[in-house]
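Before any comments, here is the structure.
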Protein chains: 2
Amino acid sequence: MLKVNKLTDYAVVVLCDLLRGDRLRSAADLATSSGVPLPTVSKILKQLARTGILQSARGVNGGYGFARPPAGISMAEVIEALEGPIAVTGCVEESGECCEFVHQCPMSGHWNAVNVAIRKSLDEVRLIDMLPEARFMDPEDLTRVIAERHAAAMQA
Amino acid sequence: MLKVNKLTDYAVVVLCDLLRGDRLRSAADLATSSGVPLPTVSKILKQLARTGILQSARGVNGGYGFARPPAGISMAEVIEALEGPIAVTGCVEESGECCEFVHQCPMSGHWNAVNVAIRKSLDEVRLIDMLPEARFMDPEDLTRVIAERHAAAMQA
DNA sequence: CAGAAACTGTACTGTTTTAGTCCTGTTTGT
DNA sequence: ACAAACAGGACTAAAACAGTACAGTTTCTG
């Protein structure tokens, strides 16, 4: 049924929590406020930092924050950060792996139409649209509030 | 990585094979010409018949054919036939199942934006677009040829 | 400079899902 | 009556995933 894995699901919960703050947040802090177990939160944050969505600071008072303005982050990026390239089958160019019949396979390359279509639709859903308050707020207000929080977190 | 399962992958191979014929095809016949193992082909065809994409005829000279004009079948239908409703997480209305925190879950319902976006994009990719010859043929010619084959299969 | 807070990377294990197979039953044409 | 075909369900082996744990590195604070 075309599922994303649970880690990705949790990631959105944690990221939304992070969107609500205006400073760096430690993994332990986010675990407490989101209800997701610490080791899991930790795994997610590390991965998101590795792929450039978040940035991390070590040491006392360290933690995680967005590496760039959160309003510009799409769900496609979040999903790809945690699951790798969007590819509905193994038989696509980007995914490296290929079945043993690639060269004679009549389907070769055709699922790409599907991949591209999905990828495009996910590019158009922004992470901040996943925030519960997104449905009650004016989109411009939302974008501004998020940008202000991000600026505050960056200078702190 | 947002994969469809292998059965769905094979299903497209088998369906494309079926698109090339102008008569009912038995499971054994399709297995031979597509290279997919018979028990697997059989499983796929049964499921596709159950969900109304194909129709079956029993007995000697029986087999499978499209239940309606193939040009009208979308990839969304094929995927849903084999995997159930398109739902990237368990926490969505259509999927019945829900995590234990549904009522307090701040994400509840938000993945729906993603589901709807994906579903819409898959509605716009037609099964016949997956045919290898689709890229070399004029779309109208393709549609007509497919319709003629289907008509022939239905009256036979 | 010592210790605590926080991130980093990797490895392991139990559970769940998936893939693939097989068997028994029913329908239909010759 | 027999053989060709579909129908439905049950079972097993393999792969993927979720969750956890641990050993290491960096940085702030007193």
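Per chain, numbering begins at 1; letters A, B, ... match sequence-line order.
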Can you measure [X] atom [atom1] to [N] atom [atom2] for me and round it to whole angstrom units?
X       : N      : atom1 : atom2 : value
A:Leu38 : D:dC22 : CG    : C1'   : 14 Å
B:Asp9  : C:dG20 : CG    : C1'   : 15 Å
A:Asn61 : D:dT26 : CG    : P     : 19 Å
B:Ile44 : D:dG8  : CD1   : P     : 16 Å
B:Leu30 : D:dA4  : CG    : P     : 18 Å
A:Lys46 : D:dT25 : NZ    : P     : 15 Å
A:Leu45 : D:dG19 : CG    : P     : 15 Å

Extract all donor-acceptor atom pairs below 3.5 Å that involve side chains of residues 67-79 of chain A and protein atoms in other chains or at least two apart in sequence.
{"unit_1": "A:Arg68", "atom_1": "NH1", "unit_2": "A:Glu77", "atom_2": "OE1", "d": "3.4"}
{"unit_1": "A:Arg68", "atom_1": "NH2", "unit_2": "A:Glu77", "atom_2": "OE1", "d": "2.4"}
{"unit_1": "A:Ser74", "atom_1": "OG", "unit_2": "A:Ala76", "atom_2": "N", "d": "3.4"}
{"unit_1": "A:Ser74", "atom_1": "OG", "unit_2": "A:Glu77", "atom_2": "N", "d": "3.3"}
{"unit_1": "A:Glu77", "atom_1": "OE2", "unit_2": "A:Ser74", "atom_2": "N", "d": "3.0"}

Q: Mind running side chain to side chain contact (heavy atoms under 4.5 Å, CB included) on B:Leu82 and B:Tyr10 for me, showing each step along the way?
A: CA-CA 11 Å; B:Leu82 284 139; B:Tyr10 292 157; over 6 Å; no
Partners passing side chain to side chain donor-acceptor pair (under 3.5 Å) against [X] (at least two apart in sequence or in another chain):
X        : result
A:Arg119 : A:Glu80, A:Asp123
A:Asp141 : A:Arg144
B:Ser33  : B:Asp17, B:Arg25

**Q.** Which nucleotide in C:dA5, C:dG20, C:dT8 has an atom nearest any side-chain atom of A:Val60
**A.**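 From the listed options, C:dA5 comes nearest.
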Below 3.5 Å, can you tabulate the donor-acceptor pairs from side chains in residues 47-65 of chain A to any protein atom, sequence neighbours excluded?
{"unit_1": "A:Gln47", "atom_1": "OE1", "unit_2": "A:Arg50", "atom_2": "NH1", "d": "2.7"}
{"unit_1": "A:Gln47", "atom_1": "NE2", "unit_2": "A:Ala81", "atom_2": "O", "d": "3.1"}
{"unit_1": "A:Thr51", "atom_1": "OG1", "unit_2": "A:Gln47", "atom_2": "O", "d": "3.1"}
{"unit_1": "A:Thr51", "atom_1": "OG1", "unit_2": "A:Leu48", "atom_2": "O", "d": "3.3"}

Q: Under 4.0 Å between any heavy atoms, over every strand shown, what does B:Ala28 touch: base, sugar-phosphate, or nothing? Just pick one.
A: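 Nothing, no heavy atom under 4.0 Å.
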**Q.** Nucleic acid contacts - residues 48-59 of chain B versus DNA chain C, non-hydrogen atoms under 4.0 Å
**A.** B:Arg58, B:Gly59
**Q.** Non-neighbouring partners of A:Ala117 that pass side chain to side chain contact (heavy atoms under 4.5 Å, CB included), sequence neighbours left out
**A.** B:Ser121, B:Val125
Could you list the protein-to-nucleotides 13-18 of chain D atom pairs, N/O on both sides, closer than 3.5 Å?
{"unit_1": "D:dA18", "atom_1": "OP1", "unit_2": "A:Lys6", "atom_2": "N", "d": "2.6"}

Q. Backbone N or O of A:Asn5 within a donor-acceptor pair of the A:Glu83 side chain at under 3.5 Å?
A. yes
Ignoring hydrogens and angles, write down the donor-acceptor pairs under 3.5 Å from the side chains of residues 34-44 of chain A, residues two or more places apart or on other chains.
{"unit_1": "A:Ser34", "atom_1": "OG", "unit_2": "A:Leu30", "atom_2": "O", "d": "2.7"}
{"unit_1": "A:Ser34", "atom_1": "OG", "unit_2": "A:Val36", "atom_2": "N", "d": "3.3"}

